Amino acid sequence: MLPEINDRISELIGNAFREAAAQNLLPPVSLPSVELKIPREKGHGDLASNIAMKVASRVKRSPVETAKIIASLIEKRISRKTIISRVEADPRKGFLNFTVTPGAFHDALRHLLRVPGHWGESRAGEGEKVLLEFVSANPTGPLTVAHGRQAAVGDVLANLLAKAGYRVSREYYLNDRGRQMKILGESVYLRWRELRGEEVDLPADYYQGDYIIGLARRILEGGLKPAGRELSELPPEEAIDYCGTFASGALLEMIKKELRDFGVEMETWVSESELVAEGRVTAVLRDLAARGSTYEKDGALWFRSSAYGDEKDRVLRKKNGDLTYISSDIAYHREKYGRGYSEMIDFWGPDHHGYIARLKGAMKALGLNPARLDIIIVQLSTLYEGKKKLSMSTRMGEFISLRQVLDKVGKDAARYFFVRRRKESHLDFDLELARKKTNDNPVYYVQYAHARINSIFKKFRAVTGRPLPDFTKIDLACLSEPAELELIKKLVLFPGVVKTAALTHQNHLIPAYLEELAAIFHSYYNHCRVITDDPDLTAARLALARATQLVISEGLSILGVSAPDSM
RNA sequence: GCGCCUGUAGCUCAGUCGGAUAGAGCAUCUGCCUUCUAAGCAGAGGGUCGCAGGUUCGAAUCCUGCCAGGCGUACCA
């Protein structure tokens, strides 16, 4: 609806400039695209344009003078049919300030009520396929808080892009082979021996967490026997392999459950070991070699990444014959390109940012367009309990897991807090605040508005003994209080916020918008009673409350947060 | 050294393509429940937008240099 209002005003401005040229008031100029902003100050109307300032030098008049000429021409065109009721030239800077008619806002509100659940959708994505890959943690331990934020940020952006008309899928890339998996197997194996009464020495770079002991105990007490043989009868190499396979399988199941409990559903899981088994890694190394992008040095195979923007060349295959992580990652990303996505988005932690150049370089070396691959670095979070900072040492297994955060604050608060700040910003996450049931807590503040509206509906049914009216058939013209028009204006903005957030990957715009909307509603609630003696006014206000509820629940559903009917 | 991110009110942070007197929440102070949920509302105080230049009619925003913090700079992942 707002785009329509924008278009109509742009048209008025364009016509006024042509008219000014025809009457020799201003020289003819080609106009830049008209930008309309919502002024902060209430006295500046509903929408403002800076066009007079933009063209001032070209028309050889001051911005204020230009604005005055244009405003007076537009003013003459104002009638009952136009979307604006007033235009004013700001005498200090040269803004053109427009006041939109209440009728235009009522039309927008009526439209919203006719498309419940679809307000906020757009076709900006034109059905293009987008793949979002996130979390992708090694199955070597529980998900951490860092994974939690990536999961929330990735999942919410996926929801946003879907709203904006993209065909979205979510994917988890499973690093289920290589050095870390071997260490996992050895860690569990050592703990298993320890449980059997042996003295063992767990090297510092092995996995230290208690969950490793838990896995070892499951092997021991469950009497798990690989191929019918006792683990103790196997040669250590085989026993370690078995422990690794068992542990990564169990941990993967745990990760899947954690993600489900966090509200994240991956469409696809891609396994690194399968990519290797299918020969995709050797194939990609061969193709890089064929393109002259590799060379042998010191017994290792190198990728000429410095020729593609990286600061130095990188090893693909180590001296001992093992593949490095980048080799399978190159193969994995080429495989993704082959699936026909117009855009692929990876979410990584900040410790991986040095990796971007070499991966994009590899895509370029393979003749693929690196611009289709967008790597988003999600900054870390520091957890607090009030003022107390919580320890975060992963090495000692002392980290707070995503599971613990979920247990402490619940899915709604966790997801909301993770996306509330720009993903580029380091996040201070106060668990105590997230748990509070007061207005300091933004999640509750927004959810409360939704529940409160529901309670108005309940009251209406109880008092009148009638069901809610059909909101699509209500005369909204009596909504004329400033507080009502302000609320409608905010509702009308929602689709634009969703679109901007999706296209610029700025999830945090949604919580910010919802908090502003909730504030306007709470203020309105204190200012005007919905249920009054006037049945027409009551119906119109119920409709406005319903529209607010629809937008809040749609906004929260983008965040994957529930919209409770009562609190 | 080089690369990426960050620096805005006491604290946590918004600020879209450069636009009007830089905004919000928390914290502090003052009010509002016989009426739809006080998990709410109304109001007050609080600023050298890290520093210095530059571009511009106009800079928190763009450019350059510097300062501070975080992360990275592996034949680990």
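Please read these numbers as outputs of a predicted model, since none were measured by experiment. Here is how names work: the chains are called A, B, and so on, in the same order as the sequence lines, proteins then strands, and each is numbered from 1.
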Colleague: Could you give the distance separating B:G10 and B:C76 at their C1' atoms, to the nearest angstrom?
Modeller: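 Looking at atom C1' only, B:C76 and B:G10 are 43 Å apart.
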Colleague: In terms of the angle between their ring planes, are A:Trp348 and A:Tyr355 parallel, tilted or perpendicular, with boundaries placed at 30° and 60°?
Modeller: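 Answer is perpendicular, since the angle exceeds 60°.
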Colleague: Please measure how far the P atom in B:G3 lies from the corresponding atom in B:A22, and state the result in whole Å.
Modeller: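 Here B:G3 and B:A22 have their P atoms 35 Å from each other.
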Colleague: Side chain of A:Ile456 only, please: which of B:C36, B:C13, B:A20 is the nearest?
Modeller: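 The nucleotide sitting nearest to the side chain is B:C36.
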Colleague: Would you list the pairs meeting salt bridge (Lys or Arg N to Asp or Glu O under 4.0 Å) in which at least one residue belongs to residues 176-187 of chain A, sequence neighbours left out?
Modeller: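 Listed once each, the pairs are A:Arg177-A:Glu272, A:Lys182-A:Glu186.
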Colleague: For nucleotides B:C17 and B:U21, find the distance between their C1' atoms and express it as a whole number of Å.
Modeller: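 It works out to 23 Å between them.
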Colleague: B:C26 P sits how many Å from A:Glu432 CD, rounded?
Modeller: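 To the nearest whole Å, that distance equals 16 Å.
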Colleague: Taking atom NZ as the centre, does A:Lys490 end up with more than 12 heavy-atom neighbours from other residues, nucleotides or ligands that are less than 6.0 angstrom away?
Modeller: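 Correct, the count exceeds 12.
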Colleague: Need one value for A:Ser566: base, sugar-phosphate or nothing, where a base atom within 4.0 Å counts as base even if backbone is also close, heavy atoms only.
Modeller: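 Base, at least one base atom sits under 4.0 Å.
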Colleague: Give A:Arg420 one of three labels, base, sugar-phosphate or nothing, depending on what nucleic acid heavy atoms sit under 4.0 Å from its own.
Modeller: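 The answer is nothing, as A:Arg420 stays clear of every strand by at least 4.0 Å.
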Colleague: Taking C-beta and beyond as the side chain, do A:Met53 and A:Phe95 meet within less than 4.5 Å on heavy atoms?
Modeller: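 The answer is yes; the side chains approach within 4.5 Å.
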Colleague: Take the protein atom CG of A:Leu514 and the nucleotide atom C1' of B:C13, then report the distance between them rounded to whole Å.
Modeller: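 From A:Leu514 CG to B:C13 C1': 17 Å.
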Colleague: Are the aromatic rings of A:His522 and A:Tyr448 close, with centres under 6.0 Å apart?
Modeller: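 Close enough - the centres of the two rings lie under 6.0 Å apart.
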Colleague: Counting only heavy atoms and a strict 4.0 angstrom limit, can you tell me which residues of residues 515-529 of chain A come near RNA chain B?
Modeller: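 Only A:His522, A:Ser523, A:Tyr525, A:Asn526, A:Cys528, A:Arg529 qualify.
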Colleague: So is the aromatic ring of A:Phe95 stacked onto the base of B:A20, judging by whether the centres are under 5.5 Å apart and the planes are under 30° apart?
Modeller: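 The ring of A:Phe95 is stacked on B:A20.
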Colleague: Look at the side chain of A:His508 and decide which nucleotide, out of B:G15, B:U12, B:A20, has an atom nearest to it.
Modeller: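 Nearest listed nucleotide: B:G15.
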Colleague: In which stems does RNA chain B show up, taking only runs of three or more Watson-Crick or G-U wobble pairs whose two distances fall under 3.5 Å?
Modeller: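 Ordered by first number, the stems with RNA chain B (at least 3 consecutive pairs each) read B:1-7 with B:67-73, B:10-13 with B:23-26, B:28-32 with B:40-44, B:50-54 with B:62-66.
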Colleague: Sequence neighbours left out, what pairs pass salt bridge (Lys or Arg N to Asp or Glu O under 4.0 Å) with at least one residue falling in residues 526-551 of chain A?
Modeller: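 Every pair satisfying salt bridge (Lys or Arg N to Asp or Glu O under 4.0 Å) with a residue in residues 526-551 of chain A: A:Glu484-A:Arg541.
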Colleague: Sticking with atom C1', work out how far B:U12 lies from B:U6, rounded to a whole angstrom.
Modeller: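 Per the computed distance, 14 Å lies between those C1' atoms.
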Colleague: Output all residues satisfying side-chain hydrogen bond (donor to acceptor under 3.5 Å, both in side chains) with A:Thr538, sequence neighbours left out; order by chain, then residue number.
Modeller: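 A:Thr538 satisfies side-chain hydrogen bond (donor to acceptor under 3.5 Å, both in side chains) with A:Thr532 once adjacent residues are dropped.
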Colleague: Can you check the distance between B:G23 and B:G45, where both ends of the measurement are the C1' atom (answer in whole Å)?
Modeller: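 Straight-line distance between the two C1' atoms is 16 Å.
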Colleague: Across the strands shown, which category fits A:Lys458 at heavy-atom distances under 4.0 angstrom: base, sugar-phosphate, nothing?
Modeller: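 No contact.
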Colleague: Nucleotide by nucleotide, 5' to 3', does protein get under 4.0 Å of the base (B), only the sugar-phosphate (S), or neither (-) in nucleotides 67-77 of chain B, counting heavy atoms?
Modeller: ----BSSSBSB
Colleague: Is a side-chain N or O of A:Asn441 found less than 3.5 angstrom from the main chain of A:Lys436, in a donor-acceptor match?
Modeller: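 Such a contact is found between A:Asn441 side chain and A:Lys436 backbone.
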Colleague: Please state the C1' separation for the pair B:A14 and B:C51 - nearest whole angstrom.
Modeller: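 Here B:A14 and B:C51 have their C1' atoms 23 Å from each other.
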Colleague: Using a 4.0 Å heavy-atom cut-off, does A:Ala545 contact any base of the nucleic acid, only the sugar-phosphate backbone, or nothing at all?
Modeller: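 No contact at all - A:Ala545 keeps every heavy atom at 4.0 Å or more from the nucleic acid.
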Colleague: What nucleic acid atoms does A:Gln506 come within less than 4.0 Å of, heavy atoms only: base, sugar-phosphate, or nothing?
Modeller: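 Sugar-phosphate, no base atom in range.
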Colleague: Would you kindly give the NZ-to-C1' distance between A:Lys60 and B:C57, to the nearest whole Å?
Modeller: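 Going from A:Lys60 (NZ) to B:C57 (C1'), I get 15 Å.
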Colleague: Show your working on side chain to side chain donor-acceptor pair (under 3.5 Å) between A:Ser271 and A:Tyr173 and close with a plain yes or no.
Modeller: CA-CA 6 Å; A:Ser271 147; A:Tyr173 176 53; over 6 Å; no
Colleague: With distance as the sole test, does A:Asn507 use its side chain to make a donor-acceptor pair with the main-chain N or O of A:Val419 at under 3.5 Å?
Modeller: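 Checking the backbone N and O of A:Val419 against the side chain of A:Asn507, no donor-acceptor pair under 3.5 Å is found.
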Colleague: Measure from the side chain of A:Tyr445, starting at C-beta and using heavy atoms only, and say which of B:A14, B:C41, B:A20 lies closest.
Modeller: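 Minimum distance to the A:Tyr445 side chain belongs to B:C41.
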Colleague: If you measure from the Lys or Arg side-chain nitrogens to the Asp or Glu carboxylate oxygens, is any gap between A:Glu432 and A:Lys388 under 4.0 Å?
Modeller: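 Looking at A:Glu432 and A:Lys388, the cut-off is not met.
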Colleague: For A:Phe460, does the six-membered ring have the charged nitrogen or CZ of A:Arg466 within the cation-pi criterion, i.e. under 6.0 angstrom from the centroid and within 45° of the normal?
Modeller: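 Verdict for A:Phe460: no cation-pi partner in A:Arg466.
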